[in-house]
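Comments concern the structure below.
In each ligand, atom 1 is the first atom listed, and ligand 1 is the first ligand listed.
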Amino acid sequence: MSEKKFPLKAKDYKLQEEIGDGVSATVHKALCIPLSEVVAIKVLDLEKCNNDLDGIRREVQTMSLINHPNVLQAHCSFTAGHQLWVVMPYMAGGSCLHIIKSSYQDGFEEPVIATLLRETLRALVYLHAHGHIHRDVKAGNILLDSNGAVKLADFGVSACMFDTGDRQRSRNTFVGTPCWMAPEVMQQLHGYDFKADVWSFGITALELAHGHAPFSKYPPMKVLLMTLQNAPPGLDYERDKRFSKAFKEMVGTCLVKDPKKRPTSEKLLKHPFFKQARPPDYLAKTILNGLPPLGERYRTIKSKEADLLMQNKSEYEAHLSQARIKYIRGISAWNFNLEDLKSQAALISDDDSSHAEDPDFNRKQCERQDESALSPERASSSETTPSQDDELNDIQDLESSFASFPIRPLQALKGCFDVGSDEDNATTPDWKDASLMSAGQQHITKASSIGSLAHTTKEEDTAAQNSYLPRHVISEQKKYSSGSLIPESTYSPKRISMEADREFQLRRYQSERSHSGSLQRTKRDTVDEMSDSPHVEHKGRFKVTSADLSPKGSTNSTFTPFSGGSSSPSSLTTASILPSVQSMLQHNTMQREEILRVIKHLEQTSVKQQPGSPETSVDELLQMTPATARERELQTQLMLMQQSFLSLTEEVKKLKQRNGQVENQLNALTQRND
Ligand SMILES: Nc1ncnc2c1ncn2[C@@H]1O[C@H](COP(=O)(O)OP(=O)(O)OP(=O)(O)O)[C@@H](O)[C@H]1O
């Protein structure tokens, strides 16, 4: 921590405009009143994080040991009610992601990228040398100050926030942001190490080059599958002509699926690509030059997002879009709850992934088509758009790859923090004037309350009032205004965070179900029912610990070769397919044997049965009204077997006849020969 003594009470800071947001945190520009210094304060809602507080405490203490010019070091941190305030230096340039969003949608020029990446890599070398894995390297976490100095952020707090707290080098915790996440982190086979950061670094390089991460427009489960099944993404020699060979190679070395084959961060820093990196003030002169102030930029981005939301006609689309905006933006936002994903997948329309990037497909497309005639993204939309069936298949694939994900209820928070506390300030900090909030923000806040607040005028009024309040204050109000009677203390963090979504979707599903009137189980129904309270959740990072893997999921199978979806089968080898084919064959043989056994049994029964026999005939069994679902199921099976028995009997009769004919012909021929 810095040498100046930053106060540990919320009242000593004046929060100003919002300059960033994550899932469980918002970042504000603020003034440290006693020191008259402008700072940035990240306000984390601890109730939205499922963490063990010992882990947080340990990590926050570790922060004081971190000292590197390329790592954003916090001044101090303290709790204020159920919030954790992290006071940091104010990085006036904002994050690379915000710069991209506001002025460089198609990505940066190579010397800029080289400069940004070299500085980031220096931070990683430092962290790795000190035994830390960042676990969330992405453009959104690369911050610039007004002089162009680059600092890797979100280490120490965010990373630890979602950590189990243990200091092992190799981990079994599923943490990160899907698009940036290394395959070994997803697979959970042998844990992972520093090399996971090298993968994310490679993805970040692509993000800086293209303006977005690969697969960023696919839903998370698709990203997981694509990362696991497809060839790694990379810079295309044809499509990315503007970039040097060195850049392409550097990205290629990072994005190797086998972590052992990836270079260490230290080795990577020696790659010739970084020779073109310039001093940080080059960034100030180029990408920061002429940019509006951070707060203004942030407001513009927010109002663009709000516009996008408003373009969506239905309430539900708005809801999904908002989730998607956050996801595309690369927030470490997806709590990988399989049930949620099932529901999410069931709701994804075919267009949802229309802009997905499939490197394999794109490569093939490039071979086939004139590059200028069809953009890769467009190209993928024409062929790789996943159908709903694909999504369901994806889920099945994922189910075999992962198990359910644990959500640990947050323990009582108060008194757990020893860094500094602000208990007397309770829950509501000294919030900024409502007027500081931009129209865009109000817009967004209002839009985000759609669905959680019922459509009565009274509640709309509440929403309007809420739009002037900071989001956690709103969420507090929402809990009760949305009609929930469950007291706050009984909420799991998951429930707290997305109660609105949950309610909204429940309502939607309930009405869908009751209107459909059908009792038939369709694939969709099944998915719905499996996830009783479906909601698209976007909070926290992906997290699963190997200890929590349920027996139904085999961690050894990373994917099923016969998965659906548009994923390229490039990674499928005969060796990988063979076991599945064998097991399918085995399964089929067993089923056949079972059917034959039943047929035999039925045959015997029908032969044994005489008129007036006390035994119940199959027909009688079939005519009985089943009392339970199991009986119904058995009855259906019986019916099917009876049908197949009849058709087999018919077949046998025909064969016998044919046999007789052949026998007769043979006899005739023999006689003629004689
Ligand atoms: N010190 C800072 N100075 C200026 N802007 C900042 C600072 N810290 C964070 N931000 C902005 O706020 C955004 C969100 O911050 P941060 O990434 O720490 O939150 P988070 O909840 O961890 O988000 P995520 O889930 O995306 O990791 C950043 O992308 C950045 O634009």
Item to check | Result of checking His134, Arg135, His128 against Asp197 for side chain to side chain donor-acceptor pair (under 3.5 Å) | outcome: His128
Next on the checklist: If only side-chain N and O atoms count, and only distance matters, is there a donor-acceptor pair under 3.5 Å linking Trp199 with Glu184?
Outcome noted: no
Next on the checklist: Distance under 4.0 Å to a non-hydrogen atom of His98: what atoms of ligand 1 satisfy this?
Outcome noted: 31 (O)
Item to check | ligand 1 contact on Leu97 by region, counting heavy-atom pairs under 4.0 Å | outcome: neither
Item to check | All side-chain hydrogen bond (donor to acceptor under 3.5 Å, both in side chains) counterparts of Glu296, not counting sequence neighbours | outcome: none
Next on the checklist: Check this for me - ligand 1, Met91, N or O atoms closer than 3.5 angstrom, yes or no?
Outcome noted: yes
Next on the checklist: Gln73 vs Asn67, test: side chain to side chain contact (heavy atoms under 4.5 Å, CB included). Steps then yes/no.
Outcome noted: CA-CA 7 Å; Gln73 189 184 16; Asn67 184 9; 4.2 Å; yes
Checklist entry - When the ring planes of Tyr13 and Phe78 are compared, do they come out parallel, tilted or perpendicular, using 30° and 60° as the limits? => result parallel
Checklist outcome for this item: At under 4.0 Å between heavy atoms, what of Lys42 touches ligand 1? The answer is side chain
Next on the checklist: Out of all atoms in ligand 1, which are within 4.0 Å of some heavy atom of Asp21? Include the element for each.
Outcome noted: 13 (C), 14 (C)
Only distances under 3.5 Å count here; give the side-chain donor-acceptor pairs of residues 113-122 to other protein atoms, sequence neighbours excluded, each with its distance to 0.1 Å.
| unit_1 | atom_1 | unit_2 | atom_2 | d |
| --- | --- | --- | --- | --- |
| Thr115 | OG1 | Pro111 | O | 2.6 |
| Thr115 | OG1 | Arg278 | N | 3.0 |
| Arg118 | NH2 | Arg278 | O | 2.9 |
| Glu119 | OE1 | Asn70 | ND2 | 3.0 |
| Glu119 | OE2 | Arg122 | NH1 | 3.0 |
| Thr120 | OG1 | Leu116 | O | 2.7 |

Next on the checklist: When you compare ligand 1 with Gly140, is there at least one nitrogen or oxygen pair between them that comes in under 3.5 angstrom?
Outcome noted: yes
Item to check | For Asp136, atoms of ligand 1 separated by under 4.0 Å from a heavy atom | outcome: 27 (O)
Item to check | Qualifying residue, where the test is side chain to side chain donor-acceptor pair (under 3.5 Å) with Asp21 and the options are Lys302, His28, Lys42 | outcome: Lys302
Next on the checklist: Closer than 4.0 Å to some heavy atom of Leu72 - which atoms of ligand 1 meet that?
Outcome noted: 1 (N)
Item to check | Given Asn289, Asp281, Leu288, the one that forms side chain to side chain contact (heavy atoms under 4.5 Å, CB included) with Lys285 | outcome: Asp281
Checklist entry - Under 3.5 Å between some N or O of ligand 1 and some N or O of Pro89? => result yes
Checklist outcome for this item: Scanning both residues in full, the closest heavy-atom pair of Phe6 with Cys76 reads CB-SG, 3.7 Å
Next on the checklist: At less than 4.0 angstrom from any non-hydrogen atom of Ser95, what atoms of ligand 1 do you find?
Outcome noted: 29 (O), 30 (C), 31 (O)
Checklist entry - How does Asn141 reach ligand 1, by side chain, by backbone, by both or by neither, if only non-hydrogen atoms under 4.0 Å count? => result side chain
Next on the checklist: Suppose I only count heavy atoms of Ala40 and a 4.0 Å limit; which atoms of ligand 1 are within that range?
Outcome noted: 1 (N), 2 (C), 3 (N)
Checklist entry - Backbone, side chain, both or neither: what part of Lys138 comes under 4.0 angstrom of ligand 1, heavy atoms only? => result side chain
